Amino acid sequence: MTEARGSTGQRDGSGAVRRAPGTPTWVSLMVHGLATTQEFYGALFGWEFRPGPEQLGPYVRALLDGHEVAGIGQLPPDHHLPIAWTPYLASDDVDATAEAVRHCCGTIGVGPLDAGPAGRMAIAVDPAGAVFGIWQAAEHLGSALVGEPGAPAWNELVTQETAGVVKFYQAVFGYTEEAVVSADFDYVTLQVDGRPVASVHGMGQALPRDRGAHWMTYFEVADVDESVRRVIELGGHVVKSAQAGAHGRVATVADPEGAVFTLVRSEG
């Protein structure tokens with residue numbers, strides 16, 4: 001399940017690597033209570049924090065053992081957007097990618113705009129309504145750790161059906177796909193240069209109506225059941241109890257502001 005690395009191989013001083021276009025490179029969360037959210041994830045994952053680009057408003061980068069793994073920002077008081085983890089997909093030209101999104105019936109909600117010397121970004125919405133980011137790296141290449149306990153491990157698009165939305169992402173990012181051949185399981189793996197980087201899960205009528213199509217971030221943990229207990233102690237709640245999955249033990253939880261994410265103990 002661990003995210004594939006980008007093909008260009010350029011690393012920065014923190015160990016991050018410049019990833020190939022279409023590869024998830026960063027995850028970010030916008031919340032109302034920045035300080036309390038830092039406390040929650042710091043206690044859950046062992047994250048420490050340092051300020052991020054000033055152009056993004058109140059924003060911090062989460063560090064695990066000194067390596068940047070995620071970002072958390074504060075929403076303006078008058079913004080009442082859904083609180084959700086958002087993956088950023090790598091691009092060599094965010095403006096061209098944004099134009100491709102529009103051409104393929106998606107929308108651009110924010111940007112493209114510069115995030116200081118870190119890079120250039122946009123927030124997009126696919127035709128099914130799922131929100132994702134686009135990141136053109138400059139100084140900030142993205143997550144420096146992937147698949148380690150406390151770091152992102154995978155990103156999955158949860159939607160009603162895969163066929164139409166996969167065509168959108170293929171047209172915008174050039175993915176190839178590998179589908180699970182099953183009469184009752186609609187699941188596609190998105191690949192870059194022959195390596196799996198993300199997945200799309202079509203849930204049909206089982207898609208939660210209160211959420212609609214959305215991207216789900218998986219965070220690796222050493223012990224799923226213990227992490228679930230910790231989430232509850234810290235004021236979060238369980239969305240889907242711990243169970244064995246195709247790639248390891250998983251549980252879906254939410255933080256105190258309602259941001260949903262999945263804990264995973266990957267096999268192998």
Side-chain angles (χ1 to χ4, degrees), residues 1-3 24 26-50 58-65 67-75 77 79-87 130-131 143 145-159 199 201 203 206-268:
M1 178 180 275
T2 301
E3 173 200 67
W26 187 244
V27 290
S28 189
L29 175 64
M30 299 299 291
V31 298
H32 295 291
L34 183 56
T36 55
T37 300
Q38 290 180 72
E39 291 174 5
F40 173 86
Y41 287 101
L44 180 62
F45 292 139
W47 290 351
E48 298 178 332
F49 301 92
R50 67 181 173 205
Y59 187 87
V60 295
R61 290 179 181 161
L63 283 74
L64 182 66
D65 298 328
H67 300 281
E68 294 180 349
V69 293
I72 304 175
Q74 183 165 307
L75 289 166
H79 282 53
H80 302 285
L81 302 174
I83 307 299
W85 280 101
T86 301
V131 177
S143 300
L145 290 178
V146 175
E148 300 290 335
W154 190 250
N155 290 278
E156 180 173 277
L157 174 60
V158 182
T159 188
S199 52
H201 185 188
M203 295 186 65
L207 180 69
R209 292 189 177 183
D210 60 337
R211 297 201 65 200
H214 60 277
W215 279 91
M216 175 71 74
T217 298
Y218 287 67
F219 289 98
E220 188 76 24
V221 293
D223 185 321
V224 169
D225 297 87
E226 177 57 34
S227 295
V228 167
R229 287 191 288 271
R230 192 74 176 120
V231 165
I232 296 170
E233 291 173 357
L234 294 167
H237 66 272
V238 177
V239 176
K240 186 179 294 184
S241 300
Q243 59 185 319
H247 302 286
R249 191 162 179 78
V250 296
T252 302
V253 297
D255 70 18
E257 287 205 25
V260 176
F261 57 99
T262 295
L263 304 167
V264 60
R265 176 68 168 97
S266 301
E267 294 178 345

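Only heavy atoms go into these numbers, but all of them, side chains included; no hydrogens, no water, no symmetry mates. These numbers come from a predicted model, not from an experiment.
Although no hydrogens or angles enter the test, the distance criterion places no donor-acceptor pair under 3.5 Å between the side chain of Glu156 and the main chain of His201. Side chain of Trp47 to backbone of Gly150: a donor-acceptor contact under 3.5 angstrom is found. Under a 3.5 Å cut-off, the side chain of Arg61 and the backbone N or O of Gly71 do not form any donor-acceptor pair.
For the residue pair Val69 and Ala151, the shortest heavy atom distance occurs at CG1-CB, 4.1 Å. Smallest separation of non-hydrogen atoms from Pro256 and Leu234: CG-O, 3.8 Å. Heavy atoms only, all atoms of each residue included: Trp85 and Ala70 are closest at CZ3-CB, 4.0 Å. Nearest heavy atom pair, residue Met216 against residue Arg211, reads CE-NH1, 3.9 Å. When all heavy atoms are compared, the tightest approach of Leu44 to Phe261 is CD2-CZ, 3.9 Å. Heavy atoms only, all atoms of each residue included: Val264 and Ala153 are closest at CG1-CB, 4.0 Å.
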Kindly list each side-chain donor-acceptor pair under 3.5 angstrom involving residues 235-243, sequence neighbours excluded, with atom names and distances?
none

Show which side-chain atoms of residues 224-232 pair as donor or acceptor with protein atoms under 3.5 Å away, not counting sequence neighbours.
residue : atom : partner : partner atom : Å
Asp225  : OD1  : Arg249  : NE           : 2.7
Asp225  : OD2  : Arg249  : NH2          : 3.2
Glu226  : OE1  : Arg229  : NE           : 3.2
Glu226  : OE1  : Arg229  : NH2          : 2.8
Ser227  : OG   : Asp223  : O            : 3.0
Arg230  : NH1  : Glu233  : OE1          : 3.1

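The CE atom of Met30 sits 4.5 Å away from atom CG of Leu75, with the distance rounded to the nearest 0.5 Å. Considering CG of Leu64 and CD of Glu148, their distance stands at 8.0 Å, rounded to 0.5 Å. To the nearest 0.5 Å, atoms OG1 (Thr37) and CD1 (Ile83) are separated by 8.0 Å.
Residues Val146 and Trp154 are not in side-chain contact: their nearest non-hydrogen atoms beyond the backbone lie 4.5 Å or more apart. Within the 4.5 Å cutoff, side-chain heavy atoms of Glu220 are placed close to those of Arg265. Contact annotation: the side chain of Tyr218 never approaches that of Val27 to less than 4.5 Å [non-hydrogen atoms, C-beta and beyond]. Using a 4.5 Å cut-off on side-chain heavy atoms (C-beta onward), Thr36 and Val31 make no contact.
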>> What verdict does the side chain to side chain contact (heavy atoms under 4.5 Å, CB included) test give for Asp255 and Leu29, after you've listed the backbone C-alpha separation in whole Å, the side-chain angles of each residue and the deciding distance to 0.1 Å?
In response: CA-CA 11 Å; Asp255 70 18; Leu29 175 64; 3.7 Å; yes
> Please walk me through it: do Tyr59 and Ser28 pass side chain to side chain contact (heavy atoms under 4.5 Å, CB included)?
Replying inline: CA-CA 10 Å; Tyr59 187 87; Ser28 189; 3.1 Å; yes
> Going through the distances and angles, do Trp26 and Thr86 end up as a side chain to side chain contact (heavy atoms under 4.5 Å, CB included)?
Replying inline: CA-CA 8 Å; Trp26 187 244; Thr86 301; over 6 Å; no
> Would Phe49 and Ile72 count as a side chain to side chain contact (heavy atoms under 4.5 Å, CB included) if you check the C-alpha gap in whole Å, the side-chain angles of each, and the deciding distance to 0.1 Å?
Replying inline: CA-CA 9 Å; Phe49 301 92; Ile72 304 175; 3.9 Å; yes
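For Thr252 and Thr262, the side-chain atoms include at least one donor-acceptor pair closer than 3.5 Å.
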